[in-house]
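For clarity, every value in this text was computed on a predicted model and none was experimentally measured. Computation of the quantities below employed the complete heavy-atom set of this structure, encompassing side-chain atoms and omitting hydrogens, waters and symmetry-equivalent molecules. We name chains A, B, ... by the order of the sequence lines, and we start the count at 1 in each one.
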Amino acid sequence: MPALSIRNVVKRYGAAEVIRSLSFDVSPGEFIVFVGPSGCGKSTLLRMIAGLEDFQAGEVAIDGRVVNGLAPWQRDIAMVFQDYALYPHMSVAANIGFSLKMAGIDRKAVAAKVDRVAQVLQIGHLLDRKPKALSGGQRQRVAIGRAMVRDPKIFLFDEPLSNLDAKLRVDMRAEIKQLHQRLGATMIYVTHDQVEAMTLADRIVVLKEGRIEQIGTPSELYRAPASRFVASFIGSPAMNFVPVEVADGAITLPGGERIPTPSAHAGRASFGIRPEHLSLGGDGPALRGTISLVEPLGADTLVTIASGEERVLARLPGDVAPVPGEVVALTFDPGRGALFSVEGRRV
Amino acid sequence: MTPPAARRILGRLQVAAMLVAVLAPLAWMVLSSFKVSRDVMALPPRLIFTPTLDNYRELFLRTDFLHNTWNSLVVALGATLLGLVLGAPAAFAIAWHRTTWPATLTLFARMAPGTLFLLPWFILFSQVDLVGTYTVLILTHGAITVPVALWTLLPYFDALPRALIESAQMDGCRPHAILGRIALPLVAPGLVVAAILCFVFTWNYFLFALALSGFDTKTAIVASFNFIGEGVTNWGALMAAATMIALPPLVLALLVQRHLVSGLSSGAVKG
């Protein structure tokens, strides 16, 4: 039985449809990440699962039980909010134990559970403090502790790391991943950061304008994006796209070079190739142009070449040192490329 | 442009003019309460005079003013409590649902002249034998305190982060628990301000108590009216009563200032 089942849910604000008949299942213990640009409906979808947002059609079932119309506290779920939402007038211990207290659990049992959670999250020394005396990372831990203490069926995370600085974000990301491995709980996580999505998720749900663009493992989305949108959203730096003509089982690149393709598509299209799949020199078809920018990153060097209007970015080994102005050929294995129709679908 | 020095002097003159306008009647009231009747009415007013406590002696020894003050206290506290009990949940609900028309409706009730209510209330409460009781005075002053509490608390509830309330929902709070355990403690400074405003407005309100109080429940402000007789007014005693009546609101108004600065909800969100 799926831990969570979403069936044809529709959400409208007035005439605007923000969630358009979505369906998918989440298996027990799975880490699912909703990812997409601002306004794609990912937070709304999470809030619908939480019971904080009503919807016009469809069904949400948790552990096989339809929860439409049930209040948030009746759904056996816990949520970590973007702004932490800690109760400022309560101590850390009271914050973590609050849901248990509301459930009528006796004081000793609450204290024992709070202590256990605090130990796991290494915030035992902070239990008597008020939220305003905590750092951002500590507040985030308390917010996670508040969710953990309830042993919920599903953890919901609404962009929980977006208020942290870059370094802390990387640390907390690793901690959330470890937490998932340790608890084995079902987790649903919303982010607009594709790196977070790739590193955390068992499966990623890519959303665009209230629709599911693609569901798959990070590797599936990376290797076989279903659309140009997914291809450009997943992977960093983003995939390159060059305009091509397709005819008779062959792609004609901007320079006139032809490469064979299994695609039956004919006419104009976009050919996508990831920066890390381009190399300087070597055999195979190539994209040619003048180097316009070189960005050394240490381990890698990002090289941008320009050919007319087109810009192509390549991630090359750190030890190559190309010079701006140099005319180069960036070669690639045609099997690594992807072809997209003008409408953006994979063809 | 006015030079800075001239502008500063102009500013100080404005403040001085305002202070005179606001404080002169108060000073006149307090000074008169220590004068004999002859001096109160003297023209031009006498700033140098022999102070006397006769007016206060008359007020406390020869009238029921202490009992009337007690009545004022019961009515003001009761109406304040009523205002907060009804106004706070209403303000919370209005802020949460972002529906302002009920708040506007109560504002109309507050803006309508008190005389509008008096006749229907008098008939209604006479029929149920409530005229002259504390109950009727507290209930009717609720028409003042509920809108005051509601409008004072509205911005405080509005400023609460929605995620806090949603978090409480997730944690198993029913609406009354969200209000009692999360929202009210966080708007405590607002509650203090609302309580003080409700108290002061009820304490100073004359009309409802004039029409609806009985002999035993007469409030201080209505009782002070007894010093105005046909042809003769005991100005000294009236000013002593007015001074005593003005004292609690004055003290409370000074307290409000300190509580207006709210800062409890810092640390709730972000860093």
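Scanning both residues, A:Phe98 and B:Ile182, for their nearest heavy atoms gives CZ-CD1, 3.9 Å. Nearest heavy-atom pair, B:Leu164 versus A:Leu86, reported as atom, atom and distance to 0.1 Å: CD2-O, 3.1 Å.
Within a 6.0 Å sphere centred on CD of A:Gln122, heavy atoms belonging to other residues, nucleotides or ligands number 12 at most. Heavy-atom contacts from other residues, nucleotides or ligands closer than 6.0 Å to CG of A:Asp106 number more than 12. More than 12 heavy atoms of other residues, nucleotides or ligands sit less than 6.0 Å from atom NZ of A:Lys153. A 6.0 Å sphere centred on CE of B:Met111 holds more than 12 heavy atoms belonging to other residues, nucleotides or ligands.
Residues of residues 49-59 of chain A lying within less than 4.5 angstrom of chain B, judged on heavy atoms, are A:Ala50, A:Leu52 in numerical order.
Contact tally against chain B (heavy-atom pairs below 4.5 Å) for A:Arg47, A:Lys101, A:Met90: the top residue is A:Arg47.
Between the side chain of A:Tyr87 and the main chain of B:Arg181, no donor-acceptor pair closer than 3.5 Å is present.
The parts of B:Arg174 that come within reach of chain A are both its backbone and its side chain, each placing non-hydrogen atoms under 4.5 angstrom from that chain. Proximity to chain B (any heavy atom under 4.5 Å) is shown, for A:Lys130, by neither the backbone nor the side chain. A:Arg75 does not touch chain B: none of its heavy atoms, backbone or side chain, sits under 4.5 Å away.
One distance of note links NE2 of A:His89 with CG of B:Leu184; it measures 9.5 Å at 0.5 Å rounding. If you take CH2 on A:Trp73 and CG on B:Asp171, they are separated by 11.5 Å, rounding to the nearest 0.5 Å. If you take CD on B:Glu166 and CE on A:Met79, they are separated by 7.0 Å, rounding to the nearest 0.5 Å.
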Side-chain donor-acceptor contacts of residues 142-150 of chain A below 3.5 Å, not counting sequence neighbours, with atom names and distances?
from: A:Arg146; atom 1: NH1; to: A:Ala85; atom 2: O; distance (Å): 2.9
from: A:Arg146; atom 1: NH1; to: A:Asn95; atom 2: OD1; distance (Å): 3.4
from: A:Arg146; atom 1: NH2; to: A:Tyr84; atom 2: O; distance (Å): 3.1
from: A:Arg146; atom 1: NH2; to: A:Ala85; atom 2: O; distance (Å): 2.7
from: A:Arg146; atom 1: NH2; to: B:Ser167; atom 2: OG; distance (Å): 2.7
from: A:Arg150; atom 1: NH1; to: A:Ile77; atom 2: O; distance (Å): 3.2
from: A:Arg150; atom 1: NH1; to: B:Met170; atom 2: O; distance (Å): 2.7
from: A:Arg150; atom 1: NH2; to: A:Ile77; atom 2: O; distance (Å): 3.1
from: A:Arg150; atom 1: NH2; to: B:Met170; atom 2: O; distance (Å): 3.2

